[in-house]
Amino acid sequence: MKILITGGAGFIGSHVVRRFVLNYPQYEIINLDKLTYAGNLENLQDIESKENYRFIKGDIVDREFIDGLFEREQFDCVIHLAAESHVDRSISNPLEFVYTNVVGTVNLIHAFKTHRKNPEGFFYHVSTDEVYGELSDEGKFTETTPYSPNSPYSASKASSDHFVRAYHETYGLPVKLSNCSNNYGSHHFPEKLIPLFINNIRNRKPLPVYGTGDNVRDWLFVEDHAAAIDVIFHKGGAGETYNIGGNNEWKNIDLVRLMCKLMDQKLGRPEGDSEKLITFVKDRAGHDFRYAIDSSKLMNELGWEPSLQFEEGLSKTIDWYFENEQWLEHVTSGAYLEYYKQQYEQR
Ligand code: NAD
Ligand code: DAU
């Protein structure tokens, strides 16, 4: 089976690519990624020479390129993760999110529909819980919660979800969707809360907590998300949506305090030392108050469950950043962008 994974050089995509390449040597895995600021081939160095793996640099927004690629390669299935993913960037530059997340997704699914030969093949769209909007103190998002996106990022993801479902309803194309909560783990770009704050605590830089810090997020270890994608890919029903969450809600401020505590212990700093770095700053515009996910459909029907307790996962994540200083240094300095040139330009 030939599987196209898009966005495989990003945070979640690199975990998904690695899992599929290593666990399924019988599959041919092609990773298509534009290598934006968020795409980093250093994330995949350990598997880049595997026989069942290939990387293609390309933009999902480029219709001609995508159409030619699908015509040539005849993929059996697509797992689509490529996206602009950062809410704060979407507030300053919404159009980029429309191009990649909406136009890019439609280009891909249209080319898949046009050139598909395998009637068993399907298009798997990876999405976010942010499409459901925000919750107050009570309740959880289920698969039937109405869409109510609040940020340009979540509006673009909601739109892409609707297009994927429309291709199923209108053209009978087999599709699968999943909507996941906040991921954390290794290879996370240090613009997002957890990796940014790990880096800042380490370097004794201020920790900019938006608003009051009372906003709530549900956190899931990235490898558990990749495992859920694996299960849905293999066992999920066509036309179905699955919510994926960690059942692990944290107020931002409590999470930041936990990170400070763990890092003080690891760095041998006095208790309470890093908390002094916490700085409350102007809130994010349209900041969703709370996300919480009900994953019972995925758990009951497909038998998935999260594998790690949060403190353990967070501790592993912090250790990974300590052990991979060079990765962080390359990412923060932009040096990782040179990697593609060195590794791939001559091939
Ligand atoms: P990321 O920003 O780390 O990675 C995105 C990847 O997509 C990068 O490798 C980038 O180079 C690539 N890309 C961007 N624009 C492209 C284009 N035009 N053509 C080809 N490739 C392009 O994102 P992530 O956090 O790994 O998220 C991956 C997917 O999972 C996204 O669809 C996101 O909406 C979804 N998601 C993320 C989370 C989370 O907590 N990070 C949670 C739920 C769902
Ligand atoms: O819920 C899933 C979503 O989770 C994904 O779809 C997105 O791609 C992913 O980026 C993430 O979105 P969030 O906006 O929740 O993640 P972020 O790490 O940017 O912020 C987490 C919380 O921390 C949020 O309430 C905003 C707050 N925050 C964030 C940053 C970067 C701060 O207080 N300070 C910060 O500097």
Side-chain angles (χ1 to χ4, degrees), residues 5-17 31-41 43-44 56-62 65-66 79-91 96-97 99-101 103-105 107-108 125-132 134 141 149 151 153-154 156-157 160-161 178-185 187-197 200 206-220 222 225-226 229 243-245 250-253 255-256 278-284 286-293 340:
I5 301 183
T6 70
F11 166 47
I12 301 170
S14 60
H15 288 272
V16 174
V17 165
N31 170 12
L32 169 68
D33 198 297
K34 183 182 174 184
L35 301 182
T36 65
Y37 79 96
N40 182 356
L41 284 175
N43 296 351
L44 293 163
I56 298 175
K57 185 172 190 281
D59 185 348
I60 59 170
V61 179
D62 182 341
F65 161 73
I66 290 296
I79 306 177
H80 175 38
L81 292 116
E84 286 294 337
S85 69
H86 191 38
V87 173
D88 292 323
R89 285 180 192 257
S90 82
I91 295 167
E96 201 56 44
F97 285 67
Y99 293 136
T100 290
N101 299 357
V103 178
T105 300
N107 274 344
L108 275 179
H125 181 57
V126 175
S127 192
T128 170
D129 61 355
E130 298 198 10
V131 297
Y132 299 121
E134 67 175 350
F141 299 131
S151 71
Y153 163 69
S154 52
S156 69
K157 291 296 291 188
S160 64
D161 291 10
S178 56
N179 296 78
C180 188
S181 62
N182 287 60
N183 285 212
Y184 71 97
H187 304 92
H188 204 181
F189 194 83
E191 63 186 351
K192 310 280 166 58
L193 180 78
I194 290 184
L196 177 71
F197 280 29
N200 285 11
L207 306 176
V209 174
Y210 296 163
T212 57
D214 288 329
N215 301 64
V216 176
R217 295 292 181 269
D218 168 49
W219 293 94
L220 178 71
V222 63
H225 187 188
I229 290 173
N243 278 355
I244 312 171
W250 284 79
K251 273 189 187 178
N252 290 341
I253 188 64
L255 166 59
V256 172
I278 294 174
T279 314
F280 291 94
V281 298
K282 187 165 173 264
D283 208 354
R284 173 185 276 172
H287 196 175
D288 283 334
F289 176 63
R290 173 172 167 259
Y291 305 140
I293 275 270
Y340 174 77

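Residue numbers run from 1 in the order of the sequence given. Indexing begins at 1, ligand by ligand and atom by atom, following the structure's order.
- Residue Val87 has at least one heavy-atom neighbour below 4.0 Å for each of these atoms of ligand 2: 14 (O).
- In the candidate list Leu81, Val16, Asn43, Leu81 is nearest to atom 28 (C) of ligand 1, counting heavy atoms.
- Looking only at distances, no side-chain donor or acceptor of Asn43 sits under 3.5 Å from a matching main-chain atom of Phe11.
- Those atoms of ligand 2 with a heavy atom of Asn252 less than 4.0 angstrom away are 22 (C), 23 (O), 24 (C), 25 (O), 27 (C).
- For atom 34 (N) of ligand 2, the candidate residues are Gly213, Pro208, Pro190, Gly211; the nearest heavy-atom contact is made by Pro208.
- Here is the list of ligand 2 atoms found below 4.0 Å of a heavy atom in Asp129: 1 (O), 2 (C).
- Residue Asn182 touches ligand 1 through its backbone alone, judged by heavy-atom distances below 4.0 Å.
- With respect to atom 9 (C) of ligand 2, the closest heavy atom belonging to the protein is Ser85 O, 4.0 Å.
- In this structure, Asn182 contributes its side chain and Arg217 its backbone to no donor-acceptor pair below 3.5 Å.
- Geometrically, ligand 1 and Asn40 share no nitrogen or oxygen pair separated by less than 3.5 Å.
- Residue, atom and distance of the protein heavy atom nearest to atom 21 (C) of ligand 2 are Leu193 CB, 3.9 Å.
- Between Thr36 and ligand 1, at least one pair of N/O atoms sits closer than 3.5 Å.
- Polar contact check, Thr128 against ligand 2: a nitrogen or oxygen pair lies under 3.5 Å apart.
- Of the heavy atoms in Trp219, none comes closer than 4.0 Å to ligand 1.
- Comparing Glu130, His287, Lys192, Glu84 against atom 13 (P) of ligand 2, the shortest heavy-atom distance belongs to Glu130.
- The proximity of Leu35 to ligand 1, defined as any non-hydrogen pair under 4.0 Å, is limited to the backbone.
- Using a 4.0 Å cut-off to heavy atoms of His86, the atoms of ligand 2 that qualify are 19 (O).
- Here the heavy atom of the protein found nearest to atom 23 (O) of ligand 1 is Ser85 OG, 3.3 Å.
- Of the candidates Tyr132, Tyr153, Phe289, it is Tyr153 that places a heavy atom closest to atom 5 (C) of ligand 2.
- Each of the following atoms of ligand 2 lies closer than 4.0 Å to a heavy atom of Glu191: 31 (C).
- At a 4.0 Å heavy-atom cut-off, ligand 2 touches Leu196 through the side chain alone.
- Of the heavy atoms in Ala83, none comes closer than 4.0 Å to ligand 2.
- Both the backbone and the side chain of Asn182 come within contact range of ligand 2, each with a heavy atom under 4.0 Å.
- Proximity of Lys157 to ligand 1, defined as any heavy-atom pair under 4.0 Å, is confined to the side chain (atoms from C-beta onward).
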